[in-house]
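Attaching a single structure in structure tokens format; questions to follow.
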Amino acid sequence: MEGRSRRIAIFGGTFDPFHNGHLRMALEVKEGLPLTDLFLVPSARPPHKPSRPMATAEDRFAMASAAVAGIEGISVLDIELRNEGPSYSLLTVLEVSEGNPGADLLFLIGADAFAEIATWHRYRDLLAACDFLLLPRPGVAPEMSFPPEIRIEPEGNRCYNLPGCSYRLPGGRRLLCPVLPVLDISSRSIREKVRGGRSLRGLVPSEVERHITDHGLYRGEERG
Ligand code: ATP
């Protein structure tokens, strides 16, 4: 991307734990766009989850870090672990923006999460702060996840090097909806497998599986 502005993606999540669905999405987006950097941002205190994460923020940060160690251009930021209070995405985007003047920022968001974005802290400011890329989830068509209170205008049918559709958000930012191969894996399904004594092979990176075993994570009953 020499001579052009840097394009940085922010992929926030609870990552409780980080799994192969997260990893494949990060890689597909990193290679398909192209991006200079993709930052994973584990949420310390996710405001939208019905219950607190099962694993500590430090364990979730360690698992995501181990999963992407050695992958060029993908790294984990501890912004939301360092900051006090709820982990609001707007504050994270503003902090990454301040640390990377002039960079184009792209916020990766799952279709299930985008469907609820109108409930997020200062969501209109967030939608105006950077471009967005919708990560498909099984059984959720992109347009089905557009919240009715947000006016989203169709724009084109490419997302850089990826097939898909692009839209304009109120305020002029872009919403990219690329076609990406989706793995039907969720953190909840991983936690259930651990509780049931089942294998995680193929569902999480081996480093994550080792961390879960070594630290005895997810053995207790789920809260909430
Ligand atoms: P849980 O099962 O605990 O709700 P999760 O698997 O959805 O968790 P999160 O940490 O909440 O994981 O996900 C972070 C982001 O990644 C969210 O925007 C979510 O929609 C997206 N995501 C999670 N799993 C996948 C997957 N298999 N494919 C694509 N996107 C995913």
Side-chain angles (χ1 to χ4, degrees), residues 9-32 38-57 59-65 67-68 74 76-77 79-81 86-90 92-93 106-120 123 126-127 130-142 144-147 159 162 164 175-196 200 202-205 208 212 217-218 220-224:
I10 300 169
F11 186 7
T14 311
F15 303 137
D16 191 20
F18 189 83
H19 54 65
N20 283 346
H22 297 131
L23 182 60
R24 281 310 315 165
M25 282 298 126
L27 287 164
E28 295 284 346
V29 172
K30 170 81 178 63
E31 291 172 352
L38 187 147
F39 296 139
L40 300 170
V41 185
S43 170
R45 287 162 294 278
H48 303 103
K49 293 275 177 177
S51 56
R52 274 190 297 127
M54 292 282 289
T56 64
D59 275 321
R60 292 180 287 111
F61 178 87
M63 289 188 279
S65 301
V68 299
I74 302 186
V76 189
L77 297 187
I79 295 182
E80 297 190 4
L81 275 67
S87 307
Y88 292 129
S89 298
L90 175 63
T92 300
V93 169
L106 185 68
F107 190 84
L108 310 191
I109 183 165
D112 52 335
F114 190 70
E116 308 200 329
I117 200 165
T119 66
W120 289 23
Y123 79 94
L126 175 63
L127 292 178
C130 61
D131 289 337
F132 283 74
L133 184 145
L134 203 76
L135 302 172
R137 293 299 294 264
V140 188
M144 298 300 290
S145 66
F146 292 179
C159 304
L162 297 167
L175 171 66
L176 306 176
C177 299
V179 177
L180 296 168
V182 190
L183 296 180
D184 191 359
I185 304 175
S186 68
S187 295
R188 173 175 285 274
S189 70
I190 303 296
R191 300 193 298 269
E192 282 169 2
K193 283 212 167 9
V194 176
R195 266 201 308 286
L200 300 185
L203 299 173
V204 296
V208 171
I212 291 172
L217 301 184
Y218 307 124
E221 279 307 305
E222 197 106 342
R223 293 178 287 252

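We count ligands from 1, going down the list as the structure has it; atoms in each ligand are counted the same way.
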Got a donor-acceptor contact below 3.5 angstrom from the R60 side chain to the P17 backbone? no
Close-contact set for ligand 1 against F15 heavy atoms, below 4.0 Å: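 In order of number, 10 (O).
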What is the distance from atom CZ of F114 to atom CG of L134, rounded to the nearest 0.5 Å?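 Here the interatomic distance stands at 6.5 Å.
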Could you check whether any side-chain heavy atom of V29 comes within less than 4.5 Å of a side-chain heavy atom of F11, counting everything from C-beta outward?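 Not in contact.
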Can you tell me if P138 contacts ligand 1 (heavy atom of the residue under 4.0 Å from the ligand)?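 It does not, in that no heavy atom of P138 comes within the 4.0 Å cut-off of ligand 1.
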As an exercise, identify every atom of ligand 1 less than 4.0 angstrom from a heavy atom of H19. 6 (O), 24 (N), 25 (C), 27 (N)
As an exercise, state the distance from CE of M63 to NE2 of H22, rounded to the nearest 0.5 Å.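 Interatomic distance, M63 CE to H22 NE2, rounded to 0.5 Å: 11.0 Å.
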Could you tell me, atom by atom, which parts of ligand 1 come under 4.0 Å of a heavy atom of G12? 14 (C), 15 (C)
Going by side chain to side chain donor-acceptor pair (under 3.5 Å), name the residues that satisfy it together with Y218, two or more places apart in sequence or in a different chain. D16
A side-chain contact here means heavy atoms from C-beta on lying under 4.5 Å apart; do L27 and I74 qualify?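 Answer yes - side chains close enough.
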What distance separates R188 CZ from M54 CE, expressed to the nearest 0.5 Å? 9.5 Å
Please could you name the atoms of ligand 1 that S187 approaches to less than 4.0 Å, counting only its heavy atoms? 1 (P), 2 (O), 3 (O), 5 (P), 6 (O), 8 (O), 12 (O)
Is L183 touching ligand 1 with its side chain, its backbone, both, or neither, if touching means heavy atoms under 4.0 Å apart?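 Near ligand 1, L183 shows its backbone, while the atoms from C-beta on stay back.
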Answer yes or no for D16: is there a heavy-atom contact with ligand 1 below 4.0 Å? no
May I ask you to list the atoms of ligand 1 that are less than 4.0 angstrom from any heavy atom of R191? 3 (O)
Show which atoms of ligand 1 fall inside a sub-4.0 Å distance from at least one heavy-atom site of D112. 19 (C), 20 (O)
Would you check whether I109 has a nitrogen or oxygen atom less than 3.5 angstrom from a nitrogen or oxygen atom of ligand 1? no
Mind checking whether F18 and F15 have parallel, tilted or perpendicular rings, split at 30° and 60°? perpendicular
Short version for P136: what comes under 4.0 Å of ligand 1, heavy atoms counted, is backbone
Of all the atoms in ligand 1, which lie at a distance below 4.0 Å from a heavy atom belonging to R188? 1 (P), 2 (O), 3 (O)
Hey, is F11 one of the residues with a heavy atom under 4.0 angstrom from ligand 1?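 Yes; F11 lies near enough to ligand 1 that a heavy-atom distance drops under 4.0 Å.
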Out of R137, M25, R24, who is nearest to atom 31 (C) of ligand 1 when you count heavy atoms only?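 The residue whose heavy atom sits nearest atom 31 (C) of ligand 1 is R137.
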To the nearest 0.5 Å, what is the distance between CG (L133) and CG (L106)?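 One gets 5.0 Å once the value is rounded to the nearest 0.5 Å.
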For ligand 1, which atoms, with element, lie under 4.0 Å from some heavy atom of G13?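 The atoms of ligand 1 under 4.0 Å from a heavy atom of G13 are 10 (O), 14 (C).
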